[in-house]
Visitor: 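Structure provided below as structure tokens; questions to follow.
Note: hydrogens, waters and symmetry copies are ignored here, and every other heavy atom, side chains too, is used. Naming: A, B, ... by sequence-line order, numbering from 1 per chain.
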Amino acid sequence: MDDQTRMMTGLTGLGGLAQADVGDPDSVRKQQSLGQPQQDIGDILQQIMAITDESLDEAQARKHALNCHRMKPALFSVLCEIKEKTVLSIRGVQEEDPPDPQIMRLDNMLLAEGVSGPEKGGGSAAAAAAAAAAGGSPTDSSIEHSDYRAKLAQIRQIYHSELEKYEQACSEFTNHVMNLLREQSRTRPISPKEIERMVAIIHRKFSSIQMQLKQSTCEAVMILRSRFLDARRKRRNFNKQATEVLNEYFYSHLSNPYPSEEAKEELAKKCGITVSQVSNWFGNKRIRYKKNIGKFQEEANLYAVKTAVDAANVSAQASQANSPATPNSGTTHLCYVERFTS
DNA sequence: TCGTATGATTTTGC
DNA sequence: GCAAAATCATACGA
């Protein structure tokens, strides 16, 4: 026997009593004057306890009996009067609550992280943003990137399945309560407003559970994100070609090894790294070069020769007829070195 | 395993 | 705010 039936049988059980004795005030008065109220209450309690043992048919019969009782309309109107008075006292409690700012914050965050709302490629945008924030290269992060996306997708899936469960449970419970109230409204006065209020109460309760789910999901995303950022922080050497490009620029601009923003962007593009990594690289290079010119001399000469050869090739291709332009020589490089370090 | 190289971060000075 | 300098943390080769 489910709760609803039990409650209804409870009502009908009392209805049965009403039919016999309670319905008639004169008979009650008579019994009280005879000194039997305590025994009656005992009987009532006993009958209430016996309700759960009754079959559904018996319960239905009792319910029917109550609904057909001659005193029912009178009882109903009395209840309506009482209701009218109590409704006055509970008015003003029914204003709709403004949207909870905490829920709004959680919703916004889940939306931004790609957990709720339409799928944004499993949060690749968030992953890319995290990678950019950490100054990572877009090429060397593919493994961690897909890992992040997979984990975020997992969180998303769990979140949605839990949310669906809560919503289903909420709607089932709401329907159940509404049916119960509608059923009871045949016996006692229940206004649609009251049913609405009850539904709102249920929704509030369920939304607080939902908030807990959202909170846990946000925490999970935060943990994942911080782990991902930590992983990105791991130092990785630039590839050989990138280092060559940077060194070439550095040694060919030794007199002023401070690339402009445009030059940094160009270098970043060529090397497959970020502008801030280019800045870091030049910062480190300048200081280390300055500290130990001797150690970098060989490298400097190497790049000076390389630059000279490249320049010669370009000029030879451009004008074979003209006399070859004087390439950047080691002497020129030494001249730059003096100017930068002085 | 250790020393060095190197990218990133923090501190400092202008 | 930017660059220099110091420092940290990790990669890498012997």
Visitor: Write down the distance between NZ (A:K285) and C1' (C:dA4), rounded to a whole number of angstrom.
Guide: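 Nearest whole value for this atom pair: 17 Å.
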Visitor: Are A:F206 and A:M178 joined in one hydrophobic group, where the rule is that I, L, V, M, F, W and Y side chains link up if heavy atoms are under 4.5 Å apart?
Guide: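 Result: yes, single cluster for both.
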Visitor: Round to a whole Å and report the spacing from NZ of A:K264 to P of C:dC2.
Guide: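 Going from NZ in A:K264 over to P in C:dC2 covers 8 Å.
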Visitor: Over how many whole Å does the gap from A:R288 atom CZ to C:dC8 atom C1' extend?
Guide: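 So the CZ-C1' distance, A:R288 to C:dC8, works out to 11 Å.
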Visitor: B:dA5 phosphate, OP1 or OP2: any side-chain N/O from A:K295 under 4.0 angstrom?
Guide: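 Result: yes.
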Visitor: Taking C-beta and beyond as the side chain, do A:S252 and A:Y303 meet within less than 4.5 Å on heavy atoms?
Guide: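 No, their side chains stay 4.5 Å or more apart.
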Visitor: Figure out the CG/P separation between A:N284 and C:dA3, and round it to whole Å.
Guide: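 After rounding, the reported distance stands at 13 Å.
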Visitor: Counting only side-chain N and O atoms of A:N237, is one of them less than 4.0 Å from OP1 or OP2 of B:dT6?
Guide: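 The answer is no; no side-chain N or O of A:N237 sits under 4.0 Å from OP1 or OP2.
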Visitor: Less than 4.0 angstrom between a side-chain N/O of A:K291 and OP1 or OP2 of C:dA6, yes or no?
Guide: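 So the side-chain polar atoms of A:K291 do come within 4.0 Å of the phosphate oxygens OP1 or OP2 of C:dA6, strictly under.
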Visitor: Rounded to whole Å, how long is the line connecting atom CZ of A:R236 with atom P of B:dT6?
Guide: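 After rounding, the reported distance stands at 17 Å.
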Visitor: If I take atom CG in residue A:N239 and atom P in nucleotide C:dC12, what distance separates them, rounded to the nearest angstrom?
Guide: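 Interatomic distance, CG of A:N239 to P of C:dC12: 12 Å.
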Visitor: Could you tell me how far apart A:K290 (NZ) and C:dA3 (P) are, to the nearest whole angstrom?
Guide: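 Rounded to the whole Å, the gap is 13 Å.
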Visitor: Among the clusters formed by ILVMFWY side chains lying less than 4.5 Å apart, do A:I201 and A:L180 turn up in the same one?
Guide: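 Unlinked, A:I201 and A:L180 end up in two clusters.
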Visitor: Does a side-chain N or O of A:Q277 approach OP1 or OP2 of B:dA8 to a distance below 4.0 Å, or not?
Guide: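 Yes, within the criterion.
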Visitor: Hey, quick one: are A:I209 and A:L163 part of the same hydrophobic cluster, counting side-chain heavy atoms closer than 4.5 Å, chains of contacts allowed?
Guide: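 A:I209 and A:L163: one cluster.
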Visitor: Could you give the CZ-to-C1' distance, from A:F282 to B:dT6, as a whole number of Å?
Guide: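 To the nearest whole Å, that distance equals 15 Å.
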